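Just so it is clear, the model here is predicted, and its values are computed rather than measured.
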Amino acid sequence: MVHPAQAVRKAVMPERVETEILIVGGGPAGLAVSSRLPDFVSSVLVHQDRKIGRPVRTSGGCWRSDMDRLGIPAELAHTVTHADIYSDNEHHSLDLSSNPVAVLDVTGVYRWLACGTRSDLRCGTKFLSTVRNDRGFVSRVRAGQQEYEIASRKIVDASGWHCAVLRSLKLCEPVDRTGIGIEYEFPASDHDPERAVLFFGSATPTGYGWAFPTTSAALRLGVGVIKPESEQSPKDLMVRLLESGALERMGLPEPSNYHLNSGILPSIPFESSLLFDGVIRVGDSANMATPTLGEGIRICIEQGRALGEALGKNTPAALLSWERSVRRRLALQYRIGFAANQRAASYAPSDWDRSVARMKTLPPEELIRFFRNEFSGGMIARRGAQALRRRLRAAVSRS
């Protein structure tokens, strides 16, 4: 029996496939939607890669509490209990024991999700375009050298930052601001398995770097930048990082025998419109990764499952209720997080020194909430006061 996560449809395709729901994208959001559809709702999920979970396009950062809540098997995550945070001239050691980080086996998690899919899963199948008709949509896809049509009443756009369905229907503009990252994954048996590292400053202008231990005694060393704020490529930044001596200062091993992972995330303000008359966006197509650290697997699974349940009810009210729930959960928090993202993207190394020094004054729980993009009323009030003080200082300096 062929495992659904590795399935590649090789039979001759019919010229048209009829289904109720077409899901475009086999990442965590699309797979989560499929896993919650009832058996009586027909659906097809198309995924352009030949295998679920390969290639890896995310470093897999999550939180142990969310992993447990979502039912992700324990063996698919590695627990991290402390993190060292570096700028050019500052260092802060953050105790994560109150809310440990979980570094996911990304491929394993995606394939675990695929085992629960209720859809006709078609890997190696690229979405090309779609048009509306009086019954819904007719989409063209390609598997190998063969193109065919899928007719559906609804389409879920879980295609990631491409927003492939929305763009085909001219329902959104191309994403003009993205976070682009690469990481080297390599054996690191001597690295403290419970220690993560985040670093900011001259090594990663406009973005940040990371080192995460994994379930297989490996380390994921990565750098990311915001485009178009930065003209640097992550590849060039990685070369400079390895030549700079910064790894030795941070107690990190030099990569060898590494595997290269890379990915792109939208880095734009959260837009709360998720429903487009039969087209529903979710996951990175809906900018669901957190603006602070670009961490999104847990949110994609959570909101994808909720969308699948709403689609199963097959009523406009259920979908509107889902959209309102997402707005309540994310809109304000992401607006604040995106403001922090924009400010951080403009930081000079000296600004990062001051920022890391400020982190030392915060309780660990508050700093963890910031990294999770969860702002309490007190945090919002303090950030508002800080912004006001900055504006007053700027006004005084101009007078």
Side-chain angles (χ1 to χ4, degrees), residues 27-29 49 52-64 66-67 70 72 76-86 94 96 99-113 160-161 178-188 191-200 203-204 206-227 233-235 237-238 241-242 247 250 252-253 255 258-267 283-284 288-301 341 344 368 371-373:
D49 296 327
I52 295 292
R54 290 288 182 183
V56 175
R57 294 190 173 91
T58 173
S59 57
C62 192
W63 304 86
R64 194 84 211 185
D66 295 294
M67 191 204 80
L70 295 168
I72 298 173
L76 295 179
H78 178 80
T79 300
V80 172
T81 59
H82 61 280
D84 286 307
I85 303 171
Y86 292 91
L94 175 62
L96 296 169
N99 196 353
V101 166
V103 181
L104 301 177
D105 170 356
V106 175
T107 301
V109 169
Y110 286 21
R111 292 182 177 177
W112 168 74
L113 288 168
W161 70 278
T178 55
I180 304 177
I182 65 167
E183 65 179 16
Y184 292 172
E185 185 168 348
F186 57 95
H191 179 79
D192 180 350
E194 295 190 4
R195 175 183 181 247
V197 173
L198 295 175
F199 51 95
F200 307 88
T204 53
T206 81
Y208 70 98
W210 62 90
F212 294 153
T214 76
T215 55
S216 56
L219 196 67
R220 294 175 185 158
L221 175 68
V223 294
V225 298
I226 301 293
K227 296 287 187 178
S233 75
K235 181 179 178 180
L237 288 179
M238 181 68 83
L241 173 68
L242 300 183
L247 294 186
M250 295 185 290
L252 295 173
Y258 60 81
H259 176 79
L260 178 65
N261 304 323
S262 62
I264 301 176
L265 288 172
S267 187
D284 286 345
M288 287 185 175
T290 61
T292 46
L293 288 182
E295 172 240 340
I297 291 178
R298 61 186 170 97
I299 299 162
C300 290
I301 295 174
N341 173 296
I368 290 170
F371 287 142
R372 283 176 58 87
N373 205 97

Apply ring-ring contact (aromatic ring centres under 6.0 Å, His included) to the pair Tyr110 and Trp112, showing each step before the final yes or no. CA-CA 5 Å; Tyr110 286 21; Trp112 168 74; over 10 Å; no
Donor-acceptor check, side chain of Thr107 to backbone of Arg54, threshold 3.5 angstrom: yes or no? no
Taking Thr290 for the side chain and Asn373 for the main chain, is one N or O donor matched with an acceptor at less than 3.5 Å? no
Tell me every residue that passes side-chain hydrogen bond (donor to acceptor under 3.5 Å, both in side chains) with [X], counting only those two or more places apart in sequence or in another chain.
| X | answer |
| --- | --- |
| Tyr184 | none |
| Asn261 | Glu183, Glu185, His259 |
| Ser262 | none |
| Arg57 | Asp49 |

[X] to [Y] - nearest heavy-atom pair and separation:
| X | Y | result |
| --- | --- | --- |
| Ala29 | Gly283 | CB-CA, 3.7 Å |
| Asp284 | Gly160 | CB-CA, 3.6 Å |
| Val106 | Ser59 | CG2-C, 4.3 Å |
| Gly179 | Ser267 | N-CB, 3.9 Å |
| Leu265 | Gly294 | CD1-O, 3.2 Å |
| Val103 | Thr215 | O-CG2, 4.3 Å |

Any chance you could measure [X], atom [atom1], to [Y], atom [atom2], to the nearest 0.5 Å?
| X | Y | atom1 | atom2 | answer |
| --- | --- | --- | --- | --- |
| Ser216 | His78 | OG | NE2 | 9.5 Å |
| Cys300 | Glu295 | SG | CD | 10.0 Å |
| Leu260 | Met238 | CG | CE | 8.0 Å |
| Leu198 | Trp210 | CG | CH2 | 9.5 Å |
| Leu94 | Leu96 | CG | CG | 4.5 Å |

Is there a side-chain contact between Phe371 and Thr292 in this structure, where contact means two heavy atoms from C-beta onward sitting under 4.5 Å apart? no
Would you please name every residue forming a side chain to side chain contact (heavy atoms under 4.5 Å, CB included) with [X], sequence neighbours left out?
| X | answer |
| --- | --- |
| Asp66 | Cys62, Trp63, Arg69, Arg298, Arg372 |
| Ala211 | Val197, Leu219, Leu221, Leu252 |
| Ala77 | Arg64, Met67, Ala102, Leu104 |
| Ile264 | Trp161, Thr178, Ile180 |

Quick one: salt bridge (Lys or Arg N to Asp or Glu O under 4.0 Å) partners of Asp84, sequence neighbours excluded? Arg195
For atom OH of Tyr258, decide whether the heavy atoms of other residues, nucleotides or ligands shown that lie under 6.0 angstrom number more than 12. no
Checking Tyr86 now: which residues fulfil ring pair (Phe, Tyr, Trp, His ring centres under 6.0 Å) with it, not counting sequence neighbours? His91
Verify whether one side chain among His82 and Asp192 offers a donor that lies under 3.5 Å from an acceptor in the other. yes
